[in-house]
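Fair warning: this is a prediction, and the values are worked out from it, not measured in the lab.
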Protein chains: 2
Amino acid sequence: MSDFRELIEMDKEAQCPRQYVLALTDTLNVISGKWKLPIVAALLRGRNRFKDLQENVEKITPRMLSKELKELEINGVLERKVYNQTPVLIEYQLTASGKNFANVIDAMIEWGLEHRREVMETGS
Amino acid sequence: MSDFRELIEMDKEAQCPRQYVLALTDTLNVISGKWKLPIVAALLRGRNRFKDLQENVEKITPRMLSKELKELEINGVLERKVYNQTPVLIEYQLTASGKNFANVIDAMIEWGLEHRREVMETGS
DNA sequence: TAACCCACTATACAAAAGTATAGTAATACT
DNA sequence: AGTATTACTATACTTTTGTATAGTGGGTTA
């Protein structure tokens with residue numbers, strides 16, 4: 001049985017263990033806001049230069065892109081790599097964790113699809 | 001192979017299918033903001049009256065609780081049930097979809113735990 | 001040497017989200 | 001009659017988040 005479901009079966013008065021709350025908070029840091037998820041998705045699909053991201057994440061301004069990339073870097077989701085060629089090449093690459101985030105996106109998509117089926121059926 | 005990973009393997013220039021985007025958006029509607037996830041978590045653990053939620057979701061004001069419950073109801077995540085007893089009893093119960101949301105929370109906790117292990121190891 | 005591309009940064013502003021505090025309406029309890 | 005409980009609502013405010021628009025600095029190309 002999974003982590004959280006296990007918890008649900010526990011004593012109703014018990015608190016959620018601190019490490020689970022921290023883990024959830026970390027995950028929310030990658031999801032929260034308008035842009036982080038689209039950026040991570042774009043990087044999963046291989047667009048990794050600043051300009052590529054500007055083009056592929058619809059209507060994001062350079063200010064927001066810059067800001068979000070910094071936060072994702074701080075949170076260990078991606079790495080900024082500078083290649084000292086001429087012209088200089090800067091790439092944003094997902095870390096191992098960043099790549100694993102596909103699992104979360106997947107769970108989200110699956111829930112969303114199933115939810116739509118449910119809503120259809122029950123007519124709410 | 002999972003929905004999204006499958007996509008990553010596809011043509012890099014292809015767009016994300018619309019239904020996946022919609023599904024993701026639905027899921028984000030349950031996650032976004034400061035309070036929805038704690039409320040859903042509390043309901044999964046069985047606290048389902050307004051007052052219970054006020055006590056169990058730390059520091060939420062009645063205004064926010066009311067607002068979030070309405071949105072979650074509109075999105076088909078929970079149902080508001082009025083029992084015409086005296087005194088009247090009002091319960092908020094997760095729908096089937098709402099209960100399934102434990103899967104997403106689970107994926108999030110798992111990613112968060114694994115991410116912390118990764119960050120420890122690589123020392124970033 | 002002028003225009004162009006890349007990768008941003010700066011400033012000001014607008015909109016969305018959340019907080020603080022108080023109040024309401026229905027019923028029950030003493 | 002007065003206090004308590006449940007389930008909220010109303011108003012005003014602050015904070016956070018995101019937008020618009022312009023500009024910078026290094027290099028490259030014509």
Look at [X] and [N] and indicate whether a side-chain polar atom (N or O) is within less than 4.0 Å of OP1 or OP2.
X: A:Lys70; N: C:dT9; value: yes
X: A:Tyr92; N: C:dC8; value: yes
X: A:Ser66; N: C:dC8; value: no

Under a 3.5 Å distance rule, please check whether [X] uses its side chain to pair with a backbone N or O of [Y] as donor and acceptor.
X: A:Thr122; Y: A:Glu118; value: yes
X: A:His115; Y: B:Phe101; value: no
X: A:Ser32; Y: A:Leu28; value: yes
X: B:Trp111; Y: A:Ser97; value: yes

Nucleotide [N], atom [atom2] - distance to [atom1] of [X] in whole Å:
X: B:Leu89; N: C:dA28; atom1: CG; atom2: P; answer: 13 Å
X: A:Ile39; N: C:dC8; atom1: CD1; atom2: P; answer: 12 Å
X: A:Leu53; N: C:dC8; atom1: CG; atom2: C1'; answer: 13 Å
X: B:Glu71; N: C:dA16; atom1: CD; atom2: P; answer: 13 Å
X: B:Leu65; N: C:dA20; atom1: CG; atom2: P; answer: 15 Å
X: A:Leu69; N: C:dC8; atom1: CG; atom2: P; answer: 8 Å
X: A:Lys67; N: C:dT11; atom1: NZ; atom2: P; answer: 17 Å
X: A:Gln54; N: C:dC6; atom1: CD; atom2: P; answer: 10 Å

Of B:Glu91 and A:Ile60, the one whose nearest nucleotide on DNA chain D sits closer to the 5' end is B:Glu91

Between A:Phe50 and A:Tyr92, how do the two ring planes meet: parallel, tilted or perpendicular, split at 30° and 60°?
tilted

Reading DNA chain D in the 5' to 3' direction, which nucleotide is the first one with an atom under 4.0 Å from a heavy atom of chain B, and which is the last?
D:dT6 to D:dA12

Check for me, please, whether B:Ile60 and B:Ile90 land in the same ILVMFWY cluster - side-chain distances under 4.5 Å, paths through other members count.
yes

If the threshold is 4.0 Å, N to carboxylate O, is there a salt bridge linking [X] and [Y]?
X: A:Lys70; Y: A:Glu73; result: no
X: B:Arg117; Y: B:Glu121; result: no
X: A:Lys81; Y: A:Glu91; result: no

List, with names and distances, any nitrogen or oxygen atoms from the protein found under 3.5 Å away from nitrogen or oxygen atoms belonging to nucleotides 13-15 of chain C.
none

What does the list of N/O pairs under 3.5 Å between the protein and nucleotides 22-27 of chain C look like, with a distance for each?
none

Supply the atom-to-atom distance B:Asn103 CG to A:Glu110 CD, rounded to the nearest 0.5 angstrom.
8.5 Å

